[in-house]
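Since the structure comes first, as structure tokens, the remarks are kept for the end.
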Amino acid sequence: MNASVAIQVLPSVATNEELIPIVDAAIDYIRSFNLNMEVGPFETTIEGDYDTLMEIVKGCAKVCEEAGSPGTMVYVKINYSDEGVLTMEEKVTKHRMEE
């Protein structure tokens with residue numbers, strides 16, 4: 001794994017009733033790649049090969065359009081190193097509350 005990406009899609013729709021199914025379609029699209037991922041309240045984080053992650057980023061706006069959004073803002077944070085990057089687990093485990 002040489003990259004991780006945090007991606008947020010913001011469809012240009014008027015109501016939450018329109019927004020939620022479009023965001024869900026983007027999450028389902030990301031999930032279809034069977035990569036390690038975590039859905040958060042503001043963004044979805046995925047880990048994998050850089051080129052695959054960029055394919056996913058590119059496809060998210062198209063998926064939102066196909067799901068009914070007339071336009072979509074896509075915000076992306078990319079962590080890349082040919083040497084490999086820290087996993088989500090390595091970054092956050094010590095900060096999670098024990099249940």
Side-chain angles (χ1 to χ4, degrees):
M1 177 190 78
N2 64 0
S4 58
V5 170
I7 184 166
Q8 178 186 39
V9 295
L10 296 175
S12 300
V13 294
T15 68
N16 287 339
E17 289 76 25
E18 295 172 286
L19 175 81
I20 291 169
I22 296 168
V23 172
D24 287 346
I27 292 169
D28 289 343
Y29 167 73
I30 294 167
R31 187 172 279 122
S32 75
F33 284 82
N34 293 316
L35 298 173
N36 190 28
M37 66 178 278
E38 186 170 314
V39 177
F42 293 102
E43 62 192 11
T44 298
T45 305
I46 46 181
E47 300 174 326
D49 173 71
Y50 177 81
D51 292 331
T52 301
L53 298 181
M54 293 303 98
E55 176 185 342
I56 293 169
V57 168
K58 180 180 174 183
C60 279
K62 292 182 181 195
V63 166
C64 290
E65 182 179 42
E66 291 167 3
S69 180
T72 303
M73 297 293 292
V74 180
Y75 296 91
V76 181
K77 294 182 246 180
I78 301 167
N79 182 19
Y80 169 80
S81 172
D82 214 20
E83 306 288 316
V85 298
L86 291 172
T87 66
M88 288 184 280
E89 202 63 28
E90 291 170 321
K91 291 177 184 177
V92 300
T93 299
K94 69 180 180 183
H95 301 290
R96 292 202 169 132
M97 303 285 290
E98 290 188 34
E99 295 184 32

Kindly indicate, with the supporting measurements, whether the criterion side-chain contact (heavy atoms from CB on, under 4.5 Å) is fulfilled by Ile56 and Met37.
-> CA-CA 12 Å; Ile56 293 169; Met37 66 178 278; over 6 Å; no
Do [X] and [Y] belong to the same hydrophobic cluster, where Ile, Leu, Val, Met, Phe, Trp and Tyr are linked whenever their side-chain heavy atoms lie under 4.5 Å apart, directly or via other members?
| X | Y | value |
| --- | --- | --- |
| Val23 | Tyr29 | yes |
| Val92 | Val39 | no |
| Phe33 | Tyr80 | yes |
| Ile30 | Val85 | no |
| Met1 | Met54 | no |

Interatomic distance, [X] atom [atom1] to [Y] atom [atom2] [nearest 0.5 angstrom]:
| X | Y | atom1 | atom2 | answer |
| --- | --- | --- | --- | --- |
| Asp51 | Asn2 | CG | CG | 8.0 Å |
| Thr87 | Asn79 | OG1 | CG | 11.0 Å |
| Glu17 | Ile22 | CD | CD1 | 11.5 Å |
| Thr44 | Ile7 | OG1 | CD1 | 8.0 Å |
| Cys64 | Leu19 | SG | CG | 9.0 Å |

Closest approach of Ala26 and Val9, non-hydrogen atoms and distance?
-> CB-CG2, 4.0 Å
Nearest heavy-atom neighbours spanning Val63 and Ala25 | CG1-O, 3.6 Å
Counting heavy atoms not belonging to [X], are there more than 12 under 6.0 Å from its [atom1]?
| X | atom1 | value |
| --- | --- | --- |
| Lys62 | NZ | no |
| Glu65 | CD | no |
| Tyr50 | OH | no |

Can you find a pair of side-chain heavy atoms, one from Leu53 and one from Val57, that are under 4.5 Å apart?
-> no
Mind checking whether Glu38 and Glu47 have side chains closer than 4.5 Å, heavy atoms only?
-> no
